[in-house]
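Below you'll find the structure, written out as structure tokens, and then a few comments.
Because the structure is predicted, anything quoted here is derived from the model rather than measured. The chains referred to below are lettered A, B, ... by the order of the sequence lines, with proteins before strands, and numbering in each begins at 1.
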Amino acid sequence: MIAPSLHTQRLTLRMPVLADFGPRADFYASDRSVWEDGPLDRRAAWRIFASEVGQWPLMGFGPFSVDDAASGAYLGEVGIYQPEGYPEPELGWFTTPEAEGKGVAFEAARAVMVWARSSFGWDHLDNYIDPRNARSIELALRLGGVQVAAPGADPADVVIRHDLRGLA
Amino acid sequence: MITLTGLPTLATERLTLRAPQASDWPTFRDFAMSARTAFVGGAKTQDKAAEKFAAFFGHWVMRGFGRLIAEDRATGLALGHFGPMQWLDGGPIELTWSLWRPEAEGRGFATEAARAMTEWTFAALGLTAAHAEVHRDNAASHAIAQKLGGQVIAGQKPTWFEDGAVYHFAAGGAL
């Protein structure tokens, strides 16, 4: 099982490939990963990335790599994650520093939610976000999510729920 | 069931080496959380065990090679994981072998599976060389490395252990 390709106005979402690891490793090496258990060295980053990509054959969902549809440039990753200990599949996102602030994660997350609804029929999809990660919380709310009192990946997580029933 | 596709299946006298599958998880988990991992980094939490298990799959997807699961054809039981792995782009390719089940030890299964896996690794990947790292006290694993024609690289320390040996394997070596 590999990811389908999803197309939005500006973006192409597709199955991750090895070349996408570089930006993820850079992210984990930087302070930008502080809300994602980082910073982490390259080996730890590889183990995480490989395990997330490995969700596709194991679970039928996982991360999509996000490219600029016009230039083909890699912009980040948006997808559905359920590592061990997650109560439900989670909607997550990451962008390169260059792609921040341009609505990339917003646009890609919408496409992933539509895909999740049409593929699995789920009623909702949650984000699990560190309470100090204000930027990610703001994006989740802007996408129409609502904070709920549900378990996340960590007891302190802010859980923001997206109602998928109106999609697809 | 969703599966990895396009992976090789290797047959030895008693074993079948095949793609990892979701149903291997409970057996792998029990191994990864047990004291049997003392020579390969130590017992993991369940979360970290699951991360490693899922990484088997992602490694295949992204690198085109990875761990196969050895199954005892007589019983159908999954016995362990065997295969080449690469942590870092451009880094060495490591040959790995792990028997999950204590009751499978002492019957030559690990050597049989590791030999088939090593032959496949050199043939399929076109490698000229590969490494294996073995903990100082892991006598059973040293024996396998030597039976497979591995040569200790003098003075090279393993990445993963405080003390141990790094073995060099060459294509066409004494398998």
Show your reasoning for whether side chain to side chain contact (heavy atoms under 4.5 Å, CB included) applies to B/Trp87 and A/Arg42. CA-CA 8 Å; B/Trp87 277 96; A/Arg42 208 168 169 92; over 6 Å; no
Atom CG of A/Asp37 with >12 non-hydrogen neighbours under 6.0 angstrom: no
For A/Met15 and B/Val61, which heavy atoms make the closest approach, and how far apart are they? CE-CG1, 3.4 Å
Is the CG atom of B/Asp163 crowded by more than 12 outside heavy atoms at less than 6.0 Å? yes
Apply side chain to side chain contact (heavy atoms under 4.5 Å, CB included) to A/Phe49 and B/Met62, showing your working. CA-CA 10 Å; A/Phe49 186 57; B/Met62 290 188 287; 3.2 Å; yes
Looking at B/Gln151, I'd like to know if its CD atom is crowded, meaning that more than 12 non-hydrogen atoms belonging to other residues, nucleotides or ligands lie closer than 6.0 Å. no
Between A/Leu58 and B/Trp25, is the side chain to side chain contact (heavy atoms under 4.5 Å, CB included) condition met? List the steps. CA-CA 10 Å; A/Leu58 271 170; B/Trp25 162 241; over 6 Å; no
Are B/Met85 and B/Ile144 connected in the hydrophobic side-chain network, where two residues link if heavy atoms are under 4.5 Å apart? yes
Working to the nearest 0.5 Å, report the span between CH2 of A/Trp56 and CG of B/Leu4. 14.0 Å
A/Arg10 atom CZ, over 12 foreign heavy atoms within 6.0 Å: yes
For A/Trp46 and B/Gln86, which heavy atoms make the closest approach, and how far apart are they? NE1-O, 3.8 Å
Sub-4.5 Å side-chain heavy-atom contact between B/Lys52 and A/Arg47: yes
Toward chain A, the part of B/Lys48 with a non-hydrogen atom under 4.5 Å: neither
Does A/Phe94 share a hydrophobic cluster with A/Ile80, counting links as ILVMFWY side-chain heavy atoms below 4.5 Å and allowing steps through other members? no
Is it true that atom CD of A/Gln9 has more than 12 heavy atoms of other residues, nucleotides or ligands lying nearer than 6.0 Å? no
For each of B/Ala49, B/Gly58, B/Ala50, B/Pro20, tally heavy-atom pairs with chain A at distances under 4.5 Å, and name the one with the top tally. B/Gly58
How far apart are the closest heavy atoms of B/Ala54 and A/Ser51, and which atoms are they? CB-O, 3.4 Å
